[in-house]
Each structure stands twice: as structure tokens, then as C-alpha cells.
Amino acid sequence: MCILAASIGISAASETYPVRKRHFDIEPGALSAGLQTFSKQSDVQIITLIDLSHRRNGRVRGDFEPQTALTRLISGQGLAAELVAGGFILRPAKTAPTQPASPSPPPVAQVSEVVVTGYRESVVQAIDLKRRAVNTEDIILAQDIADFPDLNLAESLQRIPGVTISRDSGEGRQITLRGLGPDFTRTQLNGMEVLANTASGMDNRGGVSRTRAFDYSLFASELFDKVVVQKSYSTDQDEGGIGGTVQLFTAKPFDYPGFKAVLSGQLQDNVNTDNGTPRAVGLVSNRWGDFGVLVSVAYSVNDSNEYGYRSYGWGQIHVDPANIGPGVSTADAARLEATGPNEIYAPQADTYSSWFDRRSRLGTTLALQYEPGSRLKLGFDFLFSQLKNDRSDYALAASGSNSLTGDITGTQVIQSDVIKGNSLVASSYTGVDLRSEFNVEQDTTNFYQEVLHGSYEVNDKLLVRGLLGHSEADYALPVFDKVFLESPDQGFSFDYRPSMPVNTYGSDATNPNAWSLMRLDTQENYISSEYTNGKIDAEYTIDSSSKLQIGIAYKKFVNSGSQYNDKVFHNVPADTPISNALKGQVPFDTLGQYIVGDVNQTYALIGQTRDIDSATYAAPGANYTVIERTLAAYLQYNLKAELFDHHVRADAGLRYYSTNLDSSGALSTGTALQPVDIKHTYGDLLPALNIAIDITPRLVARFSANRDISRPALSDLAAAGALTTAPFGGTISIGNPNLKPFLADEVESSLEYYDHHVGFFSAGLFYKNMESFITTQTTVEPYSVTGFPLSYLLPGQGGATPYNVSRPVNGPGAEIKGVEVAVQRDFDFLPAPFNHFGIVINGTYADGSTPIFYGARSIDLPLIYLSNYTANATLYYETSTWGMRISTAYRSKYLDGAGTNGNIGDFMAATNNLDFDSHYNLTPRLKITFEGINLTDQHIVQYTDVIAKRTEVNTSAGQTFVIGATYEF
């Protein structure tokens with residue numbers, strides 16, 4: 001199918017077509033290219049099901065009405081143009097055509113060619129595809145490599161109704177769909193499920209990510225020309241995505257009529273860094289009769305520096321009278337001296353931090369297509385992507401040997417305080433040991449995918465399709481080396497009342513003589529995720545309106561990983577002095593300057609090993625493997641018919657799946673950790689129904705009802721317990737391989753109004769009833785009862801040290817319900833030049849909660865990652881020469897974790913990101929672009945406790961500006 005789209009001024013087929021003449025200058029050549037030029041010059045949409053690969057057009061030059069110009073363009077090609085709502089459809093002419101000299105093309109081809117010529121046109125085409133779908137889905141299209149509507153794939157996805165993103169290092173990273181977190185959304189690449197993980201440099205965001213959540217920062221967005229977000233489920237889809245499925249498609253050689261070459265270069269710069277970095281993309285594609293080859297390469301380097309304030313969390317503290325100074329009132333002193341549930345909450349470690357990251361990304365694709373005739377179609381897709389992070393992280397924390405990470409003890413004296421509610425929001429101290437950190441991290445994610453796919457039309461009624469694919473993502477963090485310096489017995493104060501907390505230091509933090517070596521930390525981390533997929537489907541045509549589909553699928557998923565830690569203290573019995581030549585200040589933006597130790601020189605001086613991937617250094621609970629083998633089969637009936645003069649599209653089916661789980665690792669026996677291998681099998685029948693009815697030529701009604709699952713998080717299935725130590729205690733997260741999957745019954749409906757090519761409005765309702773929902777049970781237990789060895793504890797801790805122990809459990813269920821509204825409108829009703837404006841707006845309201853267990857108490861909290869309100873708006877201006885758009889993306893606050901140390905929930909504050917994009921066509925082949933990202937420098941703010949809202953993190957990633965050029969050969 002060949003679809004060429006552009007903005008037009010046309011009414012329904014029975015209405016009058018505008019006859020204003022346009023100027024045309026179309027060179028002779030391939031008809032596909034000629035129709036593309038016609039669409040650009042006339043603002044008229046062309047749709048055809050005819051193979052145009054062997055057809056050519058003559059020259060059309062002059063001032064004509066669009067219909068006259070189109071008739072001249074297709075003259076002699078055996079085609080006729082039929083006026084319909086939205087443009088023209090090209091069909092075979094009723095009279096015998098005058099054939100060109102080249103071989104006759106087959107009457108119908110399955111080539112899918114999407115050609116868009118700007119943001120407005122891509123929106124029009126995406127809406128047209130949405131209209132013709134049976135399921136509820138949204139689509140993003142791009143014409144050429146390097147022409148995707150946003151710099152980052154995740155940030156493009158956030159323009160879709162119901163999609164929100166999380167950000168890290170100045171880029172979009174993971175998505176949440178309709179209030180359900182990243183683990184609930186499946187990602188498919190070229191028809192098969194994939195998974196790839198990377199890491200954040202910040203502990204508060206989880207560090208290394210070992211989840212089912214796909215990390216979109218791995219891929220260069222320029223490698224993709226189509227993204228489909230399927231929100232409703234049909235049985236021919238793989239099970240496993242209650243939130244939905246994101247389908248990514250790379251470019252194919254038969255997307256283009258012949259030879260195609262594109263080269264793009266960009267320079268990007270972030271205001272928080274000093275240097276501009278490059279971005280380059282290239283594509284070459286050609287076809288020789290029945291065979292085609294396409295190769296694309298994308299490479300980029302991006303410098304970012306996210307800096308600001310963070311704490312290690314908030315916990316209850318007790319202060320002895322001897323540690324309370326004369327500046328504290330008698331009433332406040334009594335509250336600080338209290339014990340038990342009435343203890344005051346205080347922030348831990350109160351830190352200035354900077355996270356610099358040089359991120360390099362390389363991606364390449366190879367696509368082969370072979371289509372001898374109209375019955376057999378074969379294709380092979382290969383994608384390789386590599387993401388490298390070279391991080392330098394810095395911190396100045398009140399967490400030396402005598403640290404502000406718990407009770408006020410030792411030489412510490414609290415000299416003043418401000419208590420708000422039960423939170424110590426401002427305070428000053430003497431006798432505090434400060435700590436600085438310089439951490440060097442180097443990690444790499446390598447992703448490979450190979451997919452062989454094809455279809456064969458056995459006869460006029462039977463079509464068989466098949467897919468065989470394999471993907472592997474390998475994450476390696478071989479370098480994680482951190483130097484801690486200590487400056488003892490200092491004056492220190494904090495104030496959390498401003499939105500950006502403020503620290504004050506009693507001495508000069510940039511004096512190298514005040515700092516000695518405290519500790520060296522080394523870590524290595526490795527994760528591998530591997531998918532093997534096989535599918536075969538058969539489609540039987542019953543009659544002109546009915547088809548029957550049947551298929552089977554096998555999927556094997558293997559996730560394995562290991563982590564190694566080495567923490568060596570060099571301040572016992574006293575701090576180790578090092579030369580001032582090994583010390584320096586933070587070379588990047590920071591809230592305040594301070595001294596850090598040089599990593600390479602300090603490790604070399606001390607002689608501590610940096611290669612620790614051996615059993616001696618294995619981290620407890622991190623070395624586990626999860627293997628899932630799934631066999632599935634489905635039967636689905638598809639309908640396209642006229643019912644009471646209304647066009648109806650529908651599918652109904654039933655899918656059965658069975659999953660065998662094998663989880664191996666080490667779990668506590670009560671006194672020690674022992675190797676275990678736990679097996680679990682589960683399965684179910686999943687029905688689905690989707691209906692779309694054209695109530696009028698402009699109004700479409702949709703209804704969907706289905707049952708689907710999402711498999712438990714990988715860490716929840718781990719036969720292991722992960723230990724995180726901290727001066728004030730720590731956290732132990734224990735897996736549960738016997739968890740049942742999330743199970744949801746889903747219903748949704750919508751009405752969609754299509755105002756020809758110039759406008760679109762939709763409103764929909766959705767409801768998901770989670771019959772089985774996995775939640776968290778958190779208790780505080782003495783370390784001695786957890787089964788972990790005492791050797792893992794920090795100095796000064798013992799078996800009585802309280803630790804937060806969390807376990808995943810199958811809860812009583814949850815539900816989520818919501819409303820989605822979307823509007824798109826060209827301002828063609830305005831006088832020139834304002835008629836080139838247009839707007840896209842969408843908003844989603846979602847609500848859902850689940851009980852979170854805190855010991856014997858349960859509290860209903862919003863579903864993790866659910867924002868009640870999300871909204872996007874884009875104002876664009878588009879002509880044949882230049883265009884621009886400004887976009888905003890709003891997301892209300894959402895729950896990020898269950899909370900620890902008595903805090904009820906961890907939250908991310910609301911965000912509103914503003915971006916800008918523009919282009920100018922210097923020539924028909926050369927385009928220059930300019931983009932601005934995060935124009936208002938939206939900060940990322942995290943806080944804990946649903947009522948007290950205690951600030952934990954406030955950081956700035958800065959604005960990014962990009963200038964570039966694209967040339968099409």
C-alpha cells in the first residue's frame with residue numbers, strides 16, 4: 001500500500017472541492033516521487049493501493065487546479081483519481097491502460113510506504129491510520145531518517161494521549177501509559193518483544209535498572225520511521241502488557257520507490273556543560289526489481305550535567321540532652337528528646353551533588369527485502385545499538401564518620417532548629433564530620449536483534465505469516481570507583497524551607513588541608529537480557545467481509561546478572577592523609593564548591609584493587625537468574641462489513657498461554673543465605689473483543705473489552721534478597737518467585753470525530769480491574785534476623801541495627817479508570833498567513849489505588865507511577881518552506897516508591913516541560929533545523945511522605961539547544 005499525505009482543503013466527496021489554482025513544477029521520474037511532490041505543492045492527500053514501483057510520470061509545470069494537475073501527472077499509467085473525504089484515491093482505470101515499457105506491475109502489492117513532508121503532514125497521516133484501525137491506537141510517523149518529530153524517542157512518545165515519561169541526564173528514559181508504570185508496557189521492535197536496561201547515575205532513581213521497563217534512551221530516535229502505541233489488546237498480540245504495547249519499526253528498502261540517500265548532522269549544547277557535541281545520521285537504500293537493501297547509521301555524543309540537592313531520605317531521630325545547645329527552646333528540646341513514635345523526622349546527609357555524563361550512542365540497521373511477485377514476501381532486519389555512559393559524580397554530604405544520618409550523637413550539638421509539624425526543616429550544628437565524594441563510572445549497553453519474517457499467499461483465501469527472531473542486551477559496569485574524603489568536627493546547617501534547600505558550612509570547604517582520605521568504594525555490575533521468539537500465523541478469508549486467524553508462538557526469556565562490591569575504610573583508627581596534589585575542586589556546575597579526591601591517583605597511591613569480578617566480592621542478592629518459557633496459541637475472527645449502512649470493523653478472539661518460570665539465586669534460611677532454584681508454572685485464557693463503527697463518514701465509535709496480564713517485575717521474581725547499606729540502617733528487598741502475574745479485565749470506549757483533513761476530536765473512557773495486583777509489604781527488623789552475614793554491615797553497625805525489609809506480595813487487587821481527550825485542528829479558517837497555524841492538544845485523567853503494607857498496617861496509596869493528570873499541547877506553523885512548533889508536556893505528581901523509615905510513600909513532584917523545534921528548507925534537498933529542549937529548565941523534585949512532603953531531591957538538567965542540517969541525495 002502506498003500512502004502519500006499532505007495538508008489539504010477538501011470536503012466530503014459529495015461536497016464542492018476548492019478550485020483555486022496552484023503552481024506546479026514536477027520533474028519527470030518515478031510516479032511515487034512525483035505524487036510526493038504533488039502533495040507538497042498542492043496540500044492534497046493521495047491514497048492508493050496500487051504498486052507504483054514501475055510507474056513513471058511526465059513533467060507537469062504551470063498553474064492548474066489540483067485535480068487537473070493530478071490527471072496530467074498520472075496520464076498514461078492506467079490510473080484514475082477518485083475524489084473522497086480527505087483527498088484523492090488512485091484506482092485502476094476502467095479502460096485499458098497504456099502500459100509503460102517496463103514489465104507490468106501486479107495489480108495489488110503489500111508494500112507499505114508512508115511519505116510525510118512535515119509535522120502537519122505527519123499528524124494528518126497518523127490520524128488517518130488511527131481512523132482505519134480496529135484497536136485503540138496512536139501513531140507517530142516520520143518521512144526520512146533524522147526526521148523524527150523529537151530529538152529523543154521517549155520525548156516523542158509523551159505527545160501521545162496517556163503517555164508520560166521519566167527523565168534522567170537531561171533525556172527522556174522510560175514511559176508510563178495510562179497511569180501504569182514502565183513494567184506494564186511491552187515494547188516490540190520489528191515485530192518481536194525486546195528488553196534493554198541501562199542505569200542512572202543517581203541512587204535516588206534506582207542506579208542500575210534491572211526491570212522489565214524498556215529504556216528508550218538506548219536507541220537513536222533517527223533509526224525509526226514509525227511508532228505505534230496500541231492501547232487496547234487483541235488476541236493476535238503477545239500477552240503481557242496491561243498498560244499497552246509500543247511497536248517500533250525501522251526503515252525498509254521498499255519504503256522508497258528506488259535509490260534513497262540521506263545525510264544529517266547536528267551540533268547540540270547543554271547550558272550546564274561547556275562543550276558542544278555532535279550528532280550524525282546516514283541512510284542508503286536501493287532496490288533492484290524484487291530485492292532491496294537499506295543500511296542506516298546514527299551516532300551521537302551528548303554531554304549533560306544534572307546538579308542540585310539531595311538527601312539520603314528522612315528518618316526519625318532521638319537527641320540526648322547533652323547534644324542540645326542553648327539556642328534550642330525548651331519545648332523543641334522536649335520534642336527532640338522524645339523516643340518511639342513521637343520522634344521528630346530529620347533529613348539524612350543533606351548533600352550538594354553534581355552528575356556529569358558524557359553519553360555516546362551508536363546505532364545501525366540493516367534491512368533486506370525480497371518479494372518475487374505478489375505472493376511471497378521475505379524480509380530480514382538487523383539492529384545493533386550501543387549506549388555508553390562516562391560519568392563523573394560529585395557530592396558534599398553531612399555523612400562522615402560522625403554523620404547526620406540518624407540520632408544526634410558523639411561530638412554533635414544541635415545549636416538551633418525549626419520544626420514544622422513533626423519535621424526538622426532547618427537546623428544548625430557543631431561537631432559534624434563532612435564527607436566529599438568523587439565517583440567515576442563507565443558503563444556500556446550493547447543490544448543486538450536479528451529478525452527473519454515473511455508471508456506467503458497460498459491461494460486467494462489463505463495467507464501464512466511467520467517470524468523467527470532473537471535479541472540480546474548486555475549491560476556492563478566494569479568501572480565504578482569512588483573516593484571519599486572526610487573533614488571532621490565542622491559547623492554545619494541546613495534549611496529545607498526554600499524549594500531548593502540550602503546548606504551553610506562553618507569553614508571553607510575548598511581548603512584542601514581540611515580533608516583526609518576516608519574510604520574507597522569499588523563496584524562492578526553485569527546484566528544480560530535475551531529473547532528468542534518464534535511465531536506462525538495463518539489467515540483464512542471466509543468471504544469478502546470475514547477472515548479467520550489462527551497462530552502459535554514460542555518465547556524464551558532469560559535475564560541474568562551479577563554485582564560485586566568492595567568497600568574499604570581508610571579512616572580506622574584514623575583518617576589516612578593524602579597529598580594535596582591528589583585533591584581538587586568540582587569542575588562542573590554545583591550549588592557550592594568543595595574539595596574531592598582524584599580517583600585514579602588515589603587508587604594508585606593506596607594500591608586498592610579495581611578489578612573485583614570474583615566470588616570474593618559478590619554482592620548479596622544481586623546474583624540471580626530468571627528464565628521464562630512461554631507457549632501461546634490464539635484464534636481470532638476479523639470482520640469488515642456494512643451493517644445498516646454503517647462500516648463496521650471488528651475482531652474477537654481467545655488466546656491461551658502457559659509460562660514456566662525458573663528462578664535461581666540465594667535466599668535466607670533464617671540464619672544464612674543458601675542457594676535455591678525455584679520453579680513455578682502459570683497460564684490462563686485471555687479473551688478480547690474490539691469494534692469500530694463508522695456512525696457517519698466523520699464519526700467513529702470504538703469499544704474494546706479484554707483480559708490481559710503483566711508479568712511480575714524481575715526483582716520481585718528473584719530468588720534472592722538485595723542488601724543496601726546506609727549509616728542509619730539500610731534496606732533489604734527480598735524476591736518472591738511464586739508470585740502470580742498481574743491480571744486485569746479491561747473495558748474502554750471512545751468517540752472520534754474527523755473533520756476532513758483539518759481537524760480531529762476524540763473522547764474516551766477506560767477502566768481496568770486488576771483481579772491480582774502485586775504490592776509491597778515493608779517491615780522494620782533487626783539485621784540479625786534477615787540471614788545476611790554481619791560482614792556486610794558498615795562499621796558501627798551490628799545485629800541489632802534496624803533494617804527496612806520489603807517483600808512483594810499478591811495483594812487484594814486494584815483498579816484504574818480514566819478519561820482521554822484529544823484535539824487536532826489546522827487554522828485554515830484564518831486569513832493568510834495565519835492559516836498555516838495549527839494545534840494539537842490532549843489530556844488524560846486517571847485514578848487508581850492499591851493498599852501498601854507497613855508492618856501490620858495497610859494504607860491505600862495511588863498506583864506507583866500514576867499521575868492523576870497529564871496533558872500535552874503543541875502549537876505549530878507549517879509552510880512548504882519553513883515550519884516551527886512549540887510543545888508543552890505536563891505531568892502531575894506520582895508515587896515512586898512505598899517509602900521507608902516510617903514515611904508513607906515516595907513521590908515525584910509535578911513537571912511541565914517546554915520544547916521548541918523549527919526547520920527551514922534552503923533547497924528542495926537541503927533543510928536546516930534548530931531545536932530547544934527543556935526551555936524553562938524544569939527541575940526534577942522528589943519528596944517523601946504523602947502528608948509531610950519532605951524534600952529529598954531537587955536538581956536541574958538545564959536547557960539543550962540543537963542546530964543541524966539534513967541533505968537528501
Side-chain angles (χ1 to χ4, degrees), residues 154 157 163 165-166 168 173-189 192-200 205-219 229-230 233 237-248 445 447 449 471-475 527-533 555-561 622 624-630 632 657 659-663 665 680 682 708-720 722 733 735-737 739-744 770 772-776 808 810 863-866 896-897:
L157 286 168
V163 175
I165 65 173
S166 61
D168 187 66
R173 186 178 176 192
Q174 296 173 334
I175 71 167
T176 295
L177 182 55
R178 285 181 166 177
L180 289 173
D183 275 358
F184 290 92
T185 301
R186 289 192 319 113
T187 298
Q188 283 189 334
L189 173 59
M192 68 167 285
E193 188 168 352
V194 292
L195 177 64
N197 303 127
T198 180
S200 168
R205 296 181 193 152
V208 176
S209 171
R210 190 174 177 182
T211 69
R212 293 189 191 271
F214 189 83
D215 200 317
Y216 290 93
S217 64
L218 173 64
F219 291 150
V229 178
Q230 294 178 317
Y233 175 69
Q237 301 175 18
D238 290 352
E239 75 289 337
I242 290 177
T245 296
V246 177
Q247 295 183 325
L248 310 177
T445 301
F447 177 89
Q449 187 202 46
S471 71
E472 182 174 347
D474 298 317
Y475 171 83
I527 302 172
S528 177
S529 296
E530 187 175 357
Y531 270 106
T532 302
N533 281 38
K555 177 169 56 181
K556 179 182 179 182
F557 171 63
V558 180
N559 178 271
S560 59
Y624 63 89
T625 298
V626 174
I627 302 175
E628 293 172 337
R629 297 176 178 88
T630 299
Y657 79 95
T659 296
N660 295 315
L661 171 72
D662 188 343
S663 180
H680 181 208
Y682 59 90
D708 198 3
I709 66 161
S710 281
R711 294 181 170 85
L714 294 173
S715 58
D716 288 348
L717 292 175
S733 301
N736 181 1
L739 287 171
K740 299 176 182 178
F742 296 90
L743 178 66
M770 307 276 198
S772 174
F773 193 85
I774 298 169
T775 187
T776 301
N810 283 110
L863 298 179
I864 289 182
Y865 303 116
L866 185 147
D896 188 47

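Keep in mind the model is a prediction, meaning the values are calculated, not measured. All values below come from the heavy atoms of this structure, side chains included, with hydrogens, waters and symmetry mates left out.
Counting only heavy atoms from C-beta outward, the side chains of Asp238 and Gln188 approach each other to under 4.5 Å. Here the side chains of Thr187 and Leu195 are not in contact, with every heavy-atom distance at 4.5 Å or above. Under the 4.5 Å side-chain criterion, counting only non-hydrogen atoms from C-beta, Leu717 is not in contact with Tyr624. Contact check for Thr185 versus Leu180: no side-chain heavy atoms found under the 4.5 Å cut-off. Using a 4.5 Å heavy-atom threshold, the side chains of Asp168 and Ser217 count as separate. Using a 4.5 Å heavy-atom cutoff, the side chains of Arg711 and Glu239 are in contact. Taking the side chain as every heavy atom from C-beta outward, Tyr657 and Tyr682 approach each other to under 4.5 Å. Val246 has its side chain within reach of Val229: a pair of non-hydrogen atoms, C-beta onward, lies under 4.5 Å apart.
Considering all non-hydrogen atoms of both residues, Arg212 and Asp183 come closest at N-OD1, 3.2 Å. Annotation for Leu189 and Gln449: closest pair O-NE2, 2.7 Å, computed over non-hydrogen atoms. What you find for Gln174 and Phe214 is that their closest heavy atoms are CG-O, 3.5 Å. In plain terms, the two heavy atoms of Glu472 and Ser528 that are nearest each other are OE2-OG, 4.0 Å. What you find for Leu661 and Pro737 is that their closest heavy atoms are CD2-O, 3.3 Å. Here the closest non-hydrogen pair linking Tyr865 and Thr176 is O-CG2, 3.5 Å.
Here the side chain of Asp716 pairs no donor or acceptor atom with the backbone of Pro808 at under 3.5 angstrom. Side-chain atoms of Ser710 come within 3.5 Å of backbone N or O of Ile242 as a donor-acceptor pair. Side-chain atoms of Asn559 never come within 3.5 Å of backbone atoms of Val626 as a donor-acceptor pair (strictly under, hydrogens ignored).
For Asn660, the side chain to side chain contact (heavy atoms under 4.5 Å, CB included) partners two or more places apart in sequence, or in a different chain, are Thr681.
Remark: Lys555 NZ to Met192 CE distance equals 9.0 Å, nearest 0.5 Å. Distance check: Glu628 CD to Asp662 CG gives 10.5 Å after rounding to the nearest 0.5 Å. Atom OG of Ser471 is separated from atom CG of Asn533 by 7.0 Å, given to the nearest 0.5 angstrom. Gln247 contributes atom CD, which lies 8.0 Å from atom CZ of Arg186 (distance to the nearest 0.5 angstrom). Annotation: the span from Thr245 atom OG1 to Glu193 atom CD amounts to 8.0 Å, rounded to 0.5 Å. The line from CG of Leu218 to OG1 of Thr445 is 6.0 Å long, rounded to the nearest 0.5 Å.
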Next on the checklist: Would Phe557 and Leu714 count as a side-chain contact (heavy atoms from CB on, under 4.5 Å) here? Give the steps.
Outcome noted: CA-CA 11 Å; Phe557 171 63; Leu714 294 173; 3.6 Å; yes
Next on the checklist: Quick one, Arg173 with Ser166, criterion side chain to side chain donor-acceptor pair (under 3.5 Å). Give me CA distance, side-chain angles, the key distance, then yes/no.
Outcome noted: CA-CA 6 Å; Arg173 186 178 176 192; Ser166 61; over 6 Å; no
